[in-house]
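See structure below.
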Amino acid sequence: MKFRQCIQTIAPYQPGLRSQGSIKLSSNENPLGPSPRAMDAVRETVPMIHTYPDGANRELTAAISDRLGVGSDQIIIGNGSDELFLQIAGILLEGDSTAVSARQTFSEYRFSVAVFGGTMREVNLSPQGRFDLQAILHACDDSTRLVFICNPNNPTGTYLTHRELLDFLTVMNDRFPDALVVVDEAYQDYVTAPDFPDSVALLASCPNMIITRTFSKIYGLAGLRVGYAVSHPEVIAQLKRVKQPFNVNLLAQSAARAALSDEDFHHRSREINQLSKTRLTGLCDSLGFSYFQTQANFLCITLAEDLGIESVELPPTALGEYRLPDGVNNLSSFAFRHFNEYGVSIRALQSFGLPSAVRITLGMDEQMQGVYQGLERLAELARKGS
Ligand SMILES: *Cc1c(COP(=O)(O)O)cnc(C)c1O
């Protein structure tokens with residue numbers, strides 16, 4: 001057998017870990033569980049699971065198109081947004097194509113590019129943990145077919161403004177009209193910043209954009225796998241060519257439609273997130289930990305500025321002086337074990353290119369107790385170390 005060379009470098013996805021019995025705050029799942037309306041819809045749909053789902057996802061597509069005020073021919077539903085990234089790569093990339101994104105971002109972009117034999121060019125985030133649009137433009141050339149922007153960015157939680165995104169899309173369209181810009185808005189529902197992009201409105205003036213969103217986060221349906229993309233009818237029509245006939249299952253379709261109408265759940269999820277963010281950032285401030293400004297349902301805390309980090313200049317922190325215990329040369333995995341002792345699983349960000357940082361999903365107060373205690377203990381250790 002002769003396997004394709006381009007897939008030999010792909011490492012299997014490392015999911016957020018959970019050690020047995022601990023509270024999982026490593027995958028940005030909804031701390032409230034699934035939308036209650038979605039659970040009802042699943043129960044009602046169970047007797048029909050001997051039938052194929054609607055391959056065209058008509059009802060869910062109609063509900064989303066209603067909500068967003070775009071045509072149903074501008075929407076495609078995927079088996080999670082992960083599947084959509086693969087489809088997007090599948091309609092644009094060939095052996096000599098390049099794609100551009102950030103190094104410290106969601107790994108599914110580089111995965112999708114690798115599967116289709118493209119070359120991924122990755123640039124560092126800015127010191128504030130934001131997408132560096134100038135650096136991305138620099139990395140583009142005539143071979144570039146795709147740019148991935150994660151807004152807000154996983155794992156830093158930072159965002160690009162409406163103006164920044166519009167200017168970037170305009171320049172991209174002038175200089176590299178063959179490239180499609182993917183704007184991944186998985187965490188868009190949590191955003192409170194007033195200058196966050198109204199990306200759907202931008203579609204009218206930007207022919208080169210596709211937006212992806214998901215039911216995995218604020219709607220609490222990560223286990224069912226539903227996401228969608230919004231773009232221009234020509235782009236969506238191309239994606240439909242590479243779509244598997246029944247990619248979104250029957251339960252997922254009905255649950256997603258019900259979740260979309262569950263405004264109370266959406267509201268409560270946002271509220272709890274906001275409370276948790278205020279409490280955790282307040283604690284970090286009082287203990288002297290630095291973190292990136294987040295618009296998402298997680299906080300990225302930078303534990304050290306000088307430990308194996310070349311790529312992003314991290315803000316100073318009380319733990320700058322922290323001496324690692326013998327045998328530990330990776331602060332973020334040390335932190336994973338540390339928080340584990342307090343009963344919570346957090347995300348070490350080594351694989352995201354941030355070995356000195358951790359990402360913690362914002363949860364309800366009772367789920368966060370171990371985080372608070374773990375941080376207090378770390379601060380104590382740091383004081384002793386210095
Ligand atoms: C969680 C997440 C998604 C959602 O992926 P699904 O396949 O829809 O579950 C997409 N993008 C980013 C950056 C994420 O963190």
Side-chain angles (χ1 to χ4, degrees), residues 13-17 24-31 34-35 38 57 60 64 75-89 99 101-113 115 120 122 125 129-131 146-160 181-191 196-197 199 210-230 239 243-244 247-249 251-253 255-256 259-260 269 273 292 294-300 346-347 349 351-354 358-362:
Y13 181 74
Q14 298 179 16
L17 298 175
K24 189 177 175 205
L25 298 173
S26 56
S27 295
N28 304 334
E29 292 145 340
N30 194 319
S35 140
N57 292 284
L60 180 55
I64 295 169
I75 292 167
I76 188 164
I77 316 289
N79 191 276
S81 20
D82 287 353
E83 186 195 26
L84 295 165
F85 301 134
L86 269 178
Q87 289 179 359
I88 291 166
S101 190
R103 187 162 290 125
Q104 301 84 5
T105 192
F106 195 46
S107 64
E108 286 303 294
Y109 314 143
R110 86 176 57 98
F111 165 77
S112 304
V113 169
V115 168
M120 185 58 132
E122 294 177 339
L125 297 178
R130 304 171 74 233
F131 263 71
L146 269 175
V147 173
F148 289 93
I149 306 278
C150 190
N151 202 32
N153 184 41
N154 179 4
T156 51
T158 53
Y159 74 104
L160 298 173
V181 179
V182 183
V183 180
D184 178 2
E185 294 190 336
Y187 300 97
Q188 169 265 347
D189 298 87
Y190 291 102
V191 169
F196 188 79
S199 55
I210 185 163
I211 305 154
T212 61
R213 293 185 181 168
T214 182
F215 285 90
S216 298
K217 305 287 154 65
I218 206 160
Y219 294 106
L221 301 181
L224 284 178
R225 319 299 308 126
V226 200
Y228 62 93
V230 194
L239 289 171
K243 177 182 120 40
Q244 286 189 71
N247 57 333
V248 185
N249 74 66
L251 300 178
Q253 289 191 30
L260 202 59
S269 300
N273 193 65
F292 292 110
T294 185
Q295 287 290 315
N297 66 341
F298 52 81
L299 188 69
C300 180
I346 53 117
R347 187 72 139 112
L349 296 178
S351 67
F352 284 74
L354 292 168
V358 295
R359 190 193 67 197
I360 301 177
T361 304
L362 297 168

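Reckoned from all heavy atoms, side chains included, excluding hydrogens, waters and symmetry mates. Remember, it's 1-based here, ligands and their atoms both numbered in the order they're listed. All residue numbers in this chain count up from 1 along the given sequence.
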| request: For Thr214, counting its heavy atoms only, list the atoms of ligand 1 lying under 4.0 Å from any of them. | output: 4 (C), 6 (P), 8 (O), 9 (O)
| query | Is the closest side-chain donor-acceptor distance between Thr105 and Asn153 under 3.5 Å? | reply | yes
| Donor-acceptor pair, side chain of Asn30 and main chain of Ile218, under 3.5 angstrom | yes
| query | Taking only heavy atoms of Gly80, which atoms of ligand 1 are found under 4.0 Å from at least one of them? | reply | 6 (P), 7 (O), 8 (O)
| query | Under 3.5 Å, side chain of Arg359 to main-chain N/O of Ser26, donor-acceptor pair present? | reply | yes
| said: What I want to check is whether the side chains of Tyr109 and Asp184 have a donor and an acceptor closer together than 3.5 Å. | reply: yes
| said: Which residue and atom name correspond to the protein heavy atom nearest atom 9 (O) of ligand 1, and how close is it? | reply: Ser216 OG, 2.6 Å
| task | Do me a favour and list the nearest non-hydrogen protein atom to atom 3 (C) of ligand 1 with residue, atom name and distance? | result | Lys217 NZ, 3.4 Å
| Salt bridge Arg213-Asp189, side-chain N to carboxylate O under 4.0 Å | no
| Side-chain touch Val230/Glu185, heavy atoms, less than 4.5 angstrom | no
| task | Could you tell me whether a side-chain N or O of Gln295 sits under 3.5 Å from a main-chain N or O of Tyr159, the two making a donor and an acceptor? | result | no
| query | Can you list the ligand 1 atoms lying under 4.0 Å from a non-hydrogen atom of Asp184? | reply | 10 (C), 11 (N), 12 (C), 13 (C)
| Of the protein's non-hydrogen atoms, which lies at the shortest distance from atom 4 (C) of ligand 1, and what is that distance? | Ser81 OG, 3.3 Å
| task | May I ask whether Tyr187 places a heavy atom under 4.0 Å from ligand 1? | result | yes
| message | With a 4.0 Å cut-off on heavy atoms, is Asn28 in contact with ligand 1? | response | no
| Atoms in ligand 1 flagged as close to Ala186, the criterion being non-hydrogen separation under 4.0 Å | 2 (C), 3 (C), 10 (C), 11 (N), 12 (C), 14 (C)
| message | As an exercise, identify every atom of ligand 1 less than 4.0 angstrom from a heavy atom of Asp82. | response | 5 (O), 7 (O)
| field | Sub-4.0 Å heavy-atom contact, Cys150 with ligand 1 | value | yes
| Numbering the atoms of ligand 1 from 1, which are under 4.0 Å from a heavy atom of Arg225? | 6 (P), 7 (O), 9 (O)
| Are Phe106 and Phe148 an aromatic pair by the rule of ring centers under 6.0 Å? | no
